[in-house]
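See below for the structure under consideration.
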Amino acid sequence: MRLTVAQAPVRFLAAQEIERDGERHRFFADCFGIFGHGNLAGLGQALQQHQDLLPYHQARNEQAMVHVAAGYARQRNRLGTYACTTSIGPGATNMVTGAALATINRLPVLLLPSDSFATRAPHPVLQQLEAPHDATLSVNDCFKPVSRYFDRIERPEQIVPAALEAMRVLTDPAETGAVTLALPEDVQTETVTVPAAFLEPRVWTVFRQPPAPDALERAVALIQEARRPLIVAGGGVIYAEATDALAALAEATGIPVGETQAGRGALPSDHPSALGAIGATGTPAANRLARDADVVIGVGTRWSDFTTASKSAFQDPGVRFVNINVASFDAAKHSALCVVADARLALEALQDALAGHRVDPEWERRAADEAAAWGAEVQRLVTADHSPLPSQAEVIGAVNAAAGPADVVVCAAGSMPGDLHKLWRARDPKGYHVEYGYSCMGYEIPGGMGVKLAAPEREVFVMIGDGSYLMLPGELATAVADGIKLVLVLVQNHGYASIGALSRSIGSAEFGTHYPPSPDLAANAESLGAQVLRAGTIAEFRSALEAAKAAEGPVVVHVEVDRYAGVPSYESWWDVPVAEIATDESVAAARAEYERAREAQRQYIAPTSPSTETVGGRP
Ligand SMILES: Cc1ncc(C[n+]2csc(CCOP(=O)(O)OP(=O)(O)O)c2C)c(N)n1
Ligand SMILES: [Mg+2]
């Protein structure tokens, strides 16, 4: 079959399917893009010709369209994504931030940036970077560190193996992230003869990897010996649809469960074993138990510094880790006993092997008491009736109350992710979507669009700070144009409140964190075509949320909150270094406090013994 190098992948992508647990569906929803001279005649032509196979959607910003793909992929538990096409130069590099976000969060996205001429005939073409020392370099080399697979198609024939490699990486839960296929603008328009089989429907099956029996046996031995075991549930629990298995294990054994940002909602907040958020933005319940835990079972977590409170969270001198993860890279962290496996199979196997085992009732009671005390504290915070302006906690509480059991909250950066992590009462494993791997300001609107495209039956509440909004509001116009319903809660606090608080904590008096003056963001959202509701009080905010739920298309609910009415952090720490010398005394005081806090920081390097040694690699 003779096709252009751009037509071949368009037809190939439309034919890719994914299957897990016997359920099969198309892998690529559609294609997002922005055209320029680099992709117009190649991919642009191919997408126009094959609109029936791979529908095209116009984005407003290339970074944002990658966020749409990432939001979609996360909501689909990584079993689907979008392709994204750009021109060369700035269009391409605009996607680098999106690629980093996807790779860090282990989410599949396929990026198709154009590249400068393979023939080099018109070099330097408009927007081409020239490197005097290396003729093979282009700006697309910036994708290499942020992609799990990178290829540049310099000869037409390369498109066939590159497309297959791309699919292998995108659909492998241990490998997945951004995949970048850079397509020189001349090569896109050239022809290639592809085998017919290349274009036929192809199913990528995600097989669930069972734990190695020996690894499981050693994990069971460690857990049975433990006096104070604790589970840390990460995003992998949700992606593997292992939340029922987690609940069953927790119920059978009484082991309490703390949740990372990506793992939030793995258990409903009212589950008897749920301690809620853990780590730097954790609850006192989870953080107190973490401090004393002697065996920590990390499931599907990459152990970010927020989860470990910068390695200060776990203070038992002999604490041991058992890590269940599909990726050996993550399983091996903290000298853990590695159980390289699918989370669901591993949790089910653990429950079988631990039959009859129950944790010390004293530990279980302590977990229940702490969780109950925290539940009461949440209730106090979200109904505080702060005046004259409401607190952010009240705003979160009102959104939580307005959201139905299956609705989704989306957030990414600022002070809200920490507050949401602590305060949100989770009811559904897909109801909490805070992007905190890259914590990228600007993810909120496009990420929320991706969630809505993946789950149209759920109401999507996007919580966005004024700073994040200003950074990337343009996709609101896409949501308006494409009729993508979002309830955007735009929280005005006149600048970067989170960084302002951090600045105070290092003695720098909120330097550079205020807007002088704040722009009228409600008017801005209106100008992009969104319906806007302005709420002055928490009561007005509640009724605006109800009106927003009833509306069609994206609705922005604008509310101002008291910048200084923050939710405290509970028994945790985050390593933000403070200047060793400064003219300001407040910095010196902060440095002294920093050095004191840092004493709690540890490296988790466990001694090995025949029964507890680290077991690396795949079975
Ligand atoms: C793209 C990007 N740039 C910078 C940062 C660092 N940063 C984290 S939060 C924040 C301020 C966010 O302001 P806003 O959205 O208004 O939320 P607030 O802190 O006021 O709650 C900044 C600058 C970031 N996370 N992402
Ligand atoms: Mg702000």
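As a basis for the values below, the full set of heavy atoms in this structure was taken, side chains included, without hydrogen atoms, waters or symmetry mates. All figures in this text were calculated on a predicted structure; none of them were measured in a lab. Along the sequence shown, residues are numbered consecutively beginning with 1. Just so you know, ligand 1 is whichever comes first in the structure, and atom 1 is the first atom listed for that ligand.
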- Message: I'd like to know if the side chain of Arg563 pairs up with that of Thr513 as donor and acceptor (distance under 3.5 Å, no hydrogens or angles considered).
- Response: yes
- Name the orientation class of the two ring planes belonging to Phe314 and Trp303 (parallel below 30°, tilted from 30 to 60°, perpendicular beyond 60°). perpendicular
- Query: To which of Met441, Gln492, Arg563 does the heavy atom nearest atom 26 (N) of ligand 1 belong?
  - Reply: Met441
- Item | Ion pair Arg152/Asp141, N-O distance below 4.0 Å | yes
- Task: Indicate yes or no: does Arg591 engage Glu580 in a salt bridge with an N to O separation below 4.0 Å.
- Result: yes
- Which ligand 1 atoms does Ser498 reach within 4.0 Å, using its non-hydrogen atoms? 9 (S), 10 (C), 11 (C), 18 (P), 19 (O)
- Message: Test ring-ring contact (aromatic ring centres under 6.0 Å, His included) on Phe306 and Tyr436; report intermediate values, then the result.
- Response: CA-CA 9 Å; Phe306 259 72; Tyr436 217 63; 5.0 Å; yes
- Note on the structure: Among non-hydrogen protein atoms, atom 16 (O) of ligand 1 lies closest to Asp466 OD1, 2.5 Å
- Taking distance alone, with no angle check, do Ala497 and ligand 1 share an N/O pair under 3.5 Å? yes
- Can you tell me which residue and heavy atom of the protein come closest to atom 1 (C) of ligand 1, and the distance to 0.1 Å? Met471 SD, 3.5 Å
- Task: Taking the six-membered ring for Trp and the full ring for Phe, Tyr or His, determine whether the centres of Phe32 and Tyr56 are under 6.0 Å apart.
- Result: no
- Report the name of the N/O/S atom of Asp466 located nearest to the Mg ion (ligand 2). OD1
- Message: Using a distance threshold of 2.8 Å, state whether an N, O or S atom of Ser415 lies below it from the Mg ion (ligand 2).
- Response: no
- Message: What I want to know is whether Gly467 and ligand 1 share at least one N or O pair that is separated by under 3.5 angstrom.
- Response: yes
- Query: At the 4.0 Å heavy-atom cut-off, does Ser439 count as touching ligand 1?
  - Reply: yes
- How are the rings of Tyr604 and His334 set to each other: parallel, tilted or perpendicular (split at 30° and 60°)? perpendicular
- Which of the ligand 1 atoms, numbered from 1, are nearer than 4.0 Å to a heavy atom of Ser415: 18 (P), 19 (O), 21 (O)
- Do me a favour and list the nearest non-hydrogen protein atom to atom 13 (O) of ligand 1 with residue, atom name and distance? Tyr496 CD2, 3.4 Å
- Message: So for Gly495, does at least one of its heavy atoms come nearer than 4.0 angstrom to any atom of ligand 1?
- Response: yes
- State yes or no: are the ring centers of Phe28 and Tyr82 separated by less than 6.0 Å? no
- Provide, to 0.1 Å, the distance between atom 17 (O) of ligand 1 and the closest protein heavy atom, together with that atom's residue and name. Gly414 CA, 3.6 Å
- Message: Looking at Arg106 and Glu175, is there a salt bridge between them, counting it only when a charged N and a carboxylate O are closer than 4.0 Å?
- Response: no
- Message: If you measure every N or O of Tyr438 against every N or O of ligand 1, does any of those distances drop under 3.5 Å?
- Response: no
- Task: Write out the residue and atom name of the closest protein heavy atom to atom 8 (C) of ligand 1, then the distance separating them to 0.1 Å.
- Result: Ile499 CD1, 3.7 Å
- Message: I'd like to know if Asp407 pairs up with Lys549 as an ion pair, taking the criterion as any Lys NZ or Arg NE/NH1/NH2 lying under 4.0 Å from an Asp or Glu carboxylate oxygen.
- Response: no
- In terms of side-chain geometry, is the basic nitrogen of Glu571 or Arg291 positioned less than 4.0 Å from the acidic oxygen of its partner? yes
- Message: Only heavy atoms of Ser468, strictly under 4.0 Å: list the atoms of ligand 1 that pass.
- Response: 14 (P), 15 (O)
- N/O/S from Gly495 sitting under 2.8 Å away from the Mg ion (ligand 2): yes
- Query: Heavy-atom contacts under 4.0 Å between Asn493 and ligand 1: side chain, backbone, both, or neither?
  - Reply: side chain
